[in-house]
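One structure is given below, encoded as structure tokens.
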Amino acid sequence: MQLKDSVIIVTGGGQGLGRAMAEYLAGRGARLALVDLDQQRLDEAVAACKSAGGDARSYICNVANEDQVSNMVSQVAGDFGTINGLINNAGILRDGLLLKVRDGEIQKMPLNQWQSVIDVNLTGVFLCTREVAAKMVELQSKGLIINISSISRAGNMGQSNYSAAKAGVAAMTVVWAKELARYGIRVAGIAPGFIETEMTASMKPEALEKMTAGIPLRRMGKPEEIAHSAAYLFENDYYSGRILELDGGLRL
Ligand SMILES: NC(=O)c1ccc[n+]([C@@H]2O[C@H](COP(=O)([O-])OP(=O)(O)OC[C@H]3O[C@@H](n4cnc5c(N)ncnc54)[C@H](O)[C@@H]3O)[C@@H](O)[C@H]2O)c1
């Protein structure tokens with residue numbers, strides 16, 4: 001698939017990996033639809049994509065809201081005339097242990113802490129993929145859907161919600177690659193290790209230091225390195241149904 005003039009939706013495109021992928025793809029001539037919750041961040045990301053050389057527009061949309069996702073996809077198709085790709089990148093962290101015992105008292109992870117991550121990181125991916133795939137079939141356009149999973153899909157301490165969602169995203173990648181191939185839609189995943197973004201900057205410094213020490217390459221990944229992989233997945237028409245692991249050799 002040619003990146004030049006391809007229309008690609010990037011959720012969570014306002015900052016971090018989403019913005020880095022959008023800028024990189026814009027540099028290859030792609031046309032970007034950036035989806036996020038904050039207009040100011042989106043404006044900055046759109047400007048960055050344009051100065052990288054690609055067209056870009058912004059869309060305020062909560063990926064966990066069915067109506068908003070459906071409206072956003074219709075708007076993007078109307079604005080650009082087609083859709084050739086989607087990167088399901090929007091995600092949140094709400095880490096915590098399933099149980100904590102303090103002074104003999106058992107504290108449990110609240111249901112809303114579990115549910116908020118499942119809503120955005122799992123249901124959001126389902127909703128965006130369903131709506132984009134349906135629109136691509138309707139418009140008879142071919143292309144690629146990338147799901148951003150995580151090394152945490154293997155099961156990371158303190159991340160019941162996040163690990164479950166990212167494992168689900170990896171499994172859905174395989175399912176959808178099988179189901180959507182007949183329409184000319186490939187589906188692939190990227191499972192980053194620890195990458196330098198606002199998300200990891202919010203982790204406790206001790207936890208970050210411990211994590212970096214365990215990475216064989218002894219450093220965190222850079223957002224541009226994830227973006228480079230996303231471009232590869234678009235351009236390689238035989239890549240589908242698999243998760244590309246980009247983690248410097250780290251195993252959880
Ligand atoms: N940074 C890492 O080390 C790392 C590692 C593995 C996986 N990931 C995954 O990569 C993706 C991007 O991570 P990041 O580090 O860039 O995070 P980030 O927090 O820097 O950016 C995430 C973006 O998603 C947006 N977002 C959050 N909830 C949303 C919603 N409901 N609707 C629309 N937009 C929403 C946020 O506003 C933000 O702009 C996430 O799915 C994350 O789980 C990141």
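Read the numbers this way: they start at 1 and go in the same order the structure lists the ligands and their atoms.
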Can a non-hydrogen atom of K166 be found less than 4.0 Å from any atom of ligand 1?
yes
Looking only at protein heavy atoms, what sits closest to atom 3 (O) of ligand 1 is I195 N, 2.7 Å
Contacts under 3.5 angstrom, residues 165-189 side chains, donor-acceptor by atom type, not counting sequence neighbours:
unit_1	atom_1	unit_2	atom_2	d
K166	NZ	I148	O	2.9
T173	OG1	N147	ND2	3.0
T173	OG1	V169	O	2.7
R182	NE	E179	O	3.2
R186	NH1	L233	O	2.9
R186	NH1	N236	O	2.9
R186	NH1	Y239	O	2.8
R186	NH2	L233	O	3.1
R186	NH2	F234	O	3.0

Query raised in the report: S141 side chain to I83 main-chain N or O, any donor-acceptor pair under 3.5 Å?
Result: yes
Among non-hydrogen protein atoms, atom 29 (C) of ligand 1 lies closest to L37 CD1, 3.6 Å
- [ ] Could you check if a side-chain atom of M1 sits within less than 4.5 angstrom of a side-chain atom of N84, using non-hydrogen atoms only?
- [x] yes
Under 4.0 Å between heavy atoms, the region of N62 that gets near ligand 1 turns out to be both
In ligand 1, the atoms that come under 4.0 Å of a heavy atom of G12 are 23 (C), 24 (O), 25 (C)
Side-chain donor/acceptor pairs under 3.5 Å, residues 23-34, sequence neighbours excluded:
unit_1	atom_1	unit_2	atom_2	d
E23	OE2	R19	NE	3.0
Y24	OH	R28	NH2	3.4
R28	NH1	E235	OE1	3.3
R28	NH1	E235	OE2	2.8

Among S150, G124, G193, closest by heavy atom to atom 4 (C) of ligand 1 is G193
In this structure, atom 22 (C) of ligand 1 is nearest to the protein heavy atom G91 O, 3.9 Å
Is there a polar contact between ligand 1 and R41, counting only N or O atoms under 3.5 Å apart?
yes
In ligand 1, the atoms that come under 4.0 Å of a heavy atom of T200 are 1 (N), 2 (C), 3 (O)
message = Below the 3.5 angstrom mark, is there an N/O of G14, backbone or side chain, next to an N/O of ligand 1?
response = no
V120 heavy atoms within 4.0 Å reach ligand 1 at atoms 28 (N), 31 (N)
re atom 35 (C) of ligand 1, the protein heavy-atom contact at minimum distance is A90 CB, 3.7 Å
Requested in this report: Any chance you could lay out the side-chain hydrogen bond (donor to acceptor under 3.5 Å, both in side chains) test for N71 and Y59, step after step, and finish with the verdict?
Outcome: CA-CA 10 Å; N71 290 338; Y59 301 84; over 6 Å; no
Note: C61, heavy atoms under 4.0 Å from ligand 1, region reported as backbone
Rounded to the nearest 0.5 Å, the CG atom of D103 sits from the CD1 atom of I106 at a distance of 13.0 Å
Query - Expected output: side-chain T129 to main-chain F126 donor-acceptor under 3.5 Å - result: no
Ligand 1 atoms nearer than 4.0 angstrom to some heavy atom of L17 are 10 (O), 16 (O), 44 (C)
Ligand 1 to Q15, heavy atom cutoff 4.0 Å, flagged ligand atoms 18 (P), 19 (O), 20 (O), 21 (O), 38 (C), 39 (O)
Counting from 1 in the order shown, the ligand 1 atoms closer than 4.0 Å to a non-hydrogen atom of I92 are 27 (C), 28 (N)
The protein heavy atom nearest to atom 25 (C) of ligand 1 is D36 OD1, 3.3 Å
For G16, the atoms of ligand 1 under 4.0 Å from one of its heavy atoms are 16 (O), 20 (O)
For N89, the atoms of ligand 1 under 4.0 Å from one of its heavy atoms are 10 (O), 11 (C), 12 (C), 40 (C), 41 (O)
- Query: Has T11 got any heavy atom lying under 4.0 angstrom from an atom of ligand 1?
  - Reply: no
Of all protein heavy atoms, the one nearest atom 32 (N) of ligand 1 is V63 N, 3.1 Å
- request: Indicate yes or no: does E245 engage R251 in a salt bridge with an N to O separation below 4.0 Å.
  value: yes
Distance col, row I9:CD1 vs N89:CG, nearest 0.5 angstrom, shows 13.0 Å
In this structure, atom 15 (O) of ligand 1 is nearest to the protein heavy atom T197 OG1, 2.5 Å
Quick look: S149 vs ligand 1, heavy-atom contacts under 4.0 Å, and the answer is backbone
- request: Report yes or no: does S163 contribute a side-chain atom to a donor-acceptor pair with the main-chain N or O of N156 at less than 3.5 Å?
  value: yes
Salt bridge (charged side-chain N to carboxylate O under 4.0 Å, His left out) evaluation trace for R130 with E66:
CA-CA 10 Å; R130 188 189 69 184; E66 187 172 23; 2.8 Å; yes
Atom 17 (O) of ligand 1 sits nearest the protein heavy atom M199 CB, 3.4 Å
Could you check whether any side-chain heavy atom of M220 comes within less than 4.5 Å of a side-chain heavy atom of L208, counting everything from C-beta outward? yes
Verdict with reasoning, R41 to E198, per salt bridge (charged side-chain N to carboxylate O under 4.0 Å, His left out) = CA-CA 13 Å; R41 262 191 253 152; E198 288 84 343; over 6 Å; no
### Task
For the pair E225 and K222, evaluate salt bridge (charged side-chain N to carboxylate O under 4.0 Å, His left out) and give the outcome as yes or no after the intermediate values.
CA-CA 5 Å; E225 290 168 329; K222 296 184 187 314; over 6 Å; no
*asked:* Polar contacts were defined as any N/O atom of the residue lying under 3.5 Å from an N/O atom of the ligand; does this apply to Y162 and ligand 1?
replied: yes
dist M21:CE -> S229:OG (nearest 0.5 Å) comes out at 10.0 Å
